[in-house]
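As structure tokens, the structure follows; a few thoughts come after it.
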Amino acid sequence: MQAIRSSCRTTCGQRRRVALMIATVVIACGPAMAAQWAAACPIPVFQYALEHWSADPYEVVVHHDGALTESQQAVVDRLQDVERGKQEVANITLLRRDHARMETPVATVRTLPYIEVRYPAATGIRPPLAQLDLTDEAVSTLLDSPARRVIAEHLLQRKTAVWVLLESNDRQANAKALQTLRTELARLKKTLQVAEPDEEKALELGKLHTEIDFTIVRLRRGDPREQHFIAMLLGSERDLNDFEDQPVAFPLYGRGIALYALIGHGINPRTLQAAGEFLVGPCSCQVKSGNPGVDLLMSVDWDGKVEPQSRISDPPAAGLDGF
């Protein structure tokens with residue numbers, strides 16, 4: 001029964017995601033506008049996302065009861081500096097909730113003070129990502145991790161995508177998934193092509209990146225250094241925690257956007273081809289929310305390190321003429 005459910009989840013789920021890609025573009029841009037922008041914006045998605053889409057902020061809520069100790073206030077000050085981009089930079093928004101000032105007491109999930117971390121509002125994901133102690137160590141593991149640093153380095157090098165393979169407790173399934181990724185991504189590197197515009201359009205758009213390159217980052221589920229990153233990935237879709245016995249692959253692009261998850265047998269040539277075609281295809285909708293994916297929390301100064309090489313053309317005026 002589990003095998004049947006897994007097969008249905010990975011195959012049917014992939015079809016739903018492809019449908020969702022189409023639907024989100026049409027809803028956000030409108031059918032006529034999407035078609036016009038596709039023609040007007042041949043910049044590949046992976047380049048456009050890196051150069052022009054800011055990462056959505058995670059909400060970091062500090063719950064406390066009255067005054068904080070000196071060490072606790074230092075942690076709040078650090079988070080505030082991160083939000084403002086002083087020294088450390090990460091996509092967070094800091095909120096404070098002083099329960100001592102509330103007229104009506106609110107039940108809390110743990111002893112005050114603590115930190116509650118929520119996904120960006122744009123994702124619509126309601127369950128919180130984590131509840132942490134109000135300590136400097138907890139904040140450090142939340143904001144950054146070794147795997148995220150490696151991923152950021154690859155994305156800043158303008159890789160088409162970084163494929164994160166979250167391994168299961170089944171070594172044979174992990175090995176099969178890894179071999180499929182290596183074989184198919186090597187093939188896609190040779191076969192996928194970025195559509196190059198004519199000479200006049202090319203001068204208008206600036207430099208387009210036509211080189212296709214992928215890399216793989218492997219994650220062990222029990223790695224304590226990556227606990228928040230792994231939770232972030234598994235929480236990006238509703239039921240991913242139900243598949244501990246299967247490897248899960250996430251293509252990451254832009255400034256750390258997880259496109260979607262492929263599970264077990266869903267890691268196959270057809271689904272990898274679909275993901276690759278989307279990433280190198282023209283940016284049919286310049287509105288970020290009109291594209292699939294969930295931003296991940298990463299400690300990277302994207303604005304300071306990414307120099308746009310493409311130029312954004314103005315979208316067509318909204319109206320009814322195209323309908």
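In this text the structure is predicted, and so the values were computed from the model without any measurement.
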Cluster overlap L79 with L68, hydrophobic side-chain contacts below 4.5 Å: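 Cluster IDs for L79 and L68 match.
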Honestly curious: do V139 and V61 fall in one hydrophobic cluster under the side-chain, below-4.5 Å linking rule?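 Each belongs to a different hydrophobic cluster.
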Sole residue of F278, W163, F46 in side-chain contact (heavy atoms from CB on, under 4.5 Å) with P251: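 Going through F278, W163, F46 one by one, the side-chain contact (heavy atoms from CB on, under 4.5 Å) with P251 is satisfied by W163 alone.
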Does any pair with a residue in residues 297-307 pass side chain to side chain donor-acceptor pair (under 3.5 Å), and if so which ones, sequence neighbours excluded?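 Of all non-adjacent pairs touching residues 297-307, those that pass side chain to side chain donor-acceptor pair (under 3.5 Å) are R255-D303.
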Start with the C-alpha gap between H64 and Q72, add the side-chain angles, then the distance that decides, and say whether side chain to side chain donor-acceptor pair (under 3.5 Å) holds. CA-CA 10 Å; H64 61 102; Q72 292 166 348; over 6 Å; no
Checking the side chain of [X] only, and the main-chain atoms of [Y] only, is there a donor and an acceptor separated by less than 3.5 Å?
X	Y	result
D98	A100	yes
Q273	L188	no
D239	D242	no
S236	V294	no

For a quick test of your reading: what N or O donor-acceptor pairs under 3.5 Å do the side chains of residues 210-219 make, sequence neighbours left out?
residue	atom	partner	partner atom	Å
D213	OD2	K159	NZ	2.8
R218	NE	E167	OE2	2.8
R218	NH2	E167	OE2	2.9

Can a side-chain donor-acceptor contact be found between Q179 and T183 if the only test is distance below 3.5 angstrom?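 Checked: T183/Q179 side chains pair up, N/O donor to acceptor below 3.5 Å.
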Those residues that, when tested against [X], pass side chain to side chain donor-acceptor pair (under 3.5 Å) (two or more places apart):
X	answer
D136	R78
S145	R148, E226
R225	D223

Do E153 and V150 have side chains that approach each other closer than 4.5 Å (heavy atoms only, starting at C-beta)?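 Counting from C-beta outward, E153 and V150 never come under 4.5 Å.
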Any side-chain heavy-atom pair from E88 and L143 closer than 4.5 angstrom?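 Side chain of E88 against side chain of L143, heavy atoms only: contact under 4.5 Å found.
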Who pairs with [X] by salt bridge (charged side-chain N to carboxylate O under 4.0 Å, His left out), at least two apart in sequence or on another chain?
X	answer
R220	none
R187	E184
R126	none
E83	none

Under the salt bridge (Lys or Arg N to Asp or Glu O under 4.0 Å) criterion, do D81 and R84 qualify, and how do the steps go? CA-CA 5 Å; D81 286 345; R84 295 173 178 175; 5.2 Å; no
Check the pair T180, N268 against side chain to side chain donor-acceptor pair (under 3.5 Å), reporting the backbone distance first and the verdict last. CA-CA 7 Å; T180 299; N268 60 55; over 6 Å; no
Applying ring-ring contact (aromatic ring centres under 6.0 Å, His included), can you list everything that pairs with Y58, at least two apart in sequence or on another chain?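 Partners of Y58 by the ring-ring contact (aromatic ring centres under 6.0 Å, His included) criterion, ordered by chain and then number, come out as Y119.
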Set of ring-ring contact (aromatic ring centres under 6.0 Å, His included) partners for H52, sequence neighbours left out: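 H52 satisfies ring-ring contact (aromatic ring centres under 6.0 Å, His included) with Y48 only.
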Candidates R97, Q131, E116, R96 - the one meeting side-chain hydrogen bond (donor to acceptor under 3.5 Å, both in side chains) with H63: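 Among R97, Q131, E116, R96, the one that satisfies the side-chain hydrogen bond (donor to acceptor under 3.5 Å, both in side chains) with H63 is E116.
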How close do P282 and V45 get, heavy atom to heavy atom, and via which atoms?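 Looking at all heavy atoms of both residues, the closest pair is O-CG2, 3.9 Å.
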Please name the pair of heavy atoms, one in P42 and one in L208, separated by the smallest distance, quoted to 0.1 Å.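 It is O-CD1, 4.2 Å.
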Provide the full list of salt bridge (Lys or Arg N to Asp or Glu O under 4.0 Å) pairs with a residue in residues 41-60, sequence neighbours left out, each pair given once.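 Applying salt bridge (Lys or Arg N to Asp or Glu O under 4.0 Å) to every pair that reaches into residues 41-60, excluding sequence neighbours, yields E51-R158, D56-K288, E59-R118.
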